[in-house]
Amino acid sequence: MGTPVLLEELKETLDPALEPILLKQTFVAGGRTLIRLGDSDIDYDKNFRFYMTTKMANPHYLPEVCIKVTIINFTVTKSGLEDQLL
């Protein structure tokens, strides 16, 4: 429907069921843009946005996750920057 969705309290591992959303694996059938979630095909709106948040100070995500998402750290500290650089 094009409505943004927020997933809160994210941990360092993601549920594999999120893969189609993160990769935007959409397809067209019958003139409709769809995305397959589990065993269901759901209408997909190009204006849909998916946001994920965590309260972890310096989470370490696998490289496979980092290439699928844009990570924005709003709590940058000197020690946090040092951890990221190391």
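The figures here come from the full heavy-atom set of this structure, side chains too, leaving out hydrogens, waters and symmetry mates.
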Next item on the list: Applying side chain to side chain contact (heavy atoms under 4.5 Å, CB included), name anything that partners Ile67, two or more places apart in sequence or on another chain.
Entry: none
Item checked: Fellow cluster residues of Met56, listed by chain then number, with links counted only when side-chain atoms sit under 4.5 Å apart -> none
Check: Are the side chains of Val65 and Met52 in touch, meaning some heavy atoms are under 4.5 Å apart?
Finding: no
Notebook entry, point to check: How far does OG1 of Thr26 sit from CD1 of Ile21, to the nearest 0.5 angstrom?
Noted result: 12.0 Å
Margin query: When you compare the side chain of Leu18 with that of Phe50, does any pair of heavy atoms fall below 4.5 Å?
Written below: yes
Next item on the list: List in chain and number order the residues that pass side chain to side chain donor-acceptor pair (under 3.5 Å) with Lys68, two or more places apart in sequence or in another chain; answer none if no residue qualifies.
Entry: Glu19
Please set out all donor-acceptor pairs under 3.5 angstrom arising from side-chain atoms of residues 6-16, sequence neighbours excluded.
residue, atom, partner, partner atom, Å
Glu12, OE2, His60, N, 2.7
Asp15, OD1, Ala17, N, 2.9

Next item on the list: Please go through Leu23's hydrophobic cluster and name the other residues, only I, L, V, M, F, W, Y counting, with side-chain heavy atoms under 4.5 Å joining them.
Entry: none
Using residues 33-40 as the side-chain source, report each donor-acceptor pair under 3.5 Å to any protein atom, sequence neighbours left out, with the distance given to one decimal.
residue, atom, partner, partner atom, Å
Arg36, NE, Asp41, OD1, 3.2
Arg36, NH2, Asp41, OD1, 3.2
Arg36, NH2, Asp41, OD2, 3.2

Notebook entry, point to check: Is there side-chain contact between Tyr51 and Pro4, with heavy atoms separated by less than 4.5 Å?
Noted result: yes
Notebook entry, point to check: Among pairs that include at least one residue of residues 42-53, which meet salt bridge (Lys or Arg N to Asp or Glu O under 4.0 Å), considering only residues two or more places apart or in two chains?
Noted result: Arg32-Asp43
Check: How far apart are the closest heavy atoms of Phe48 and Thr3, and which atoms are they?
Finding: CD1-O, 3.3 Å
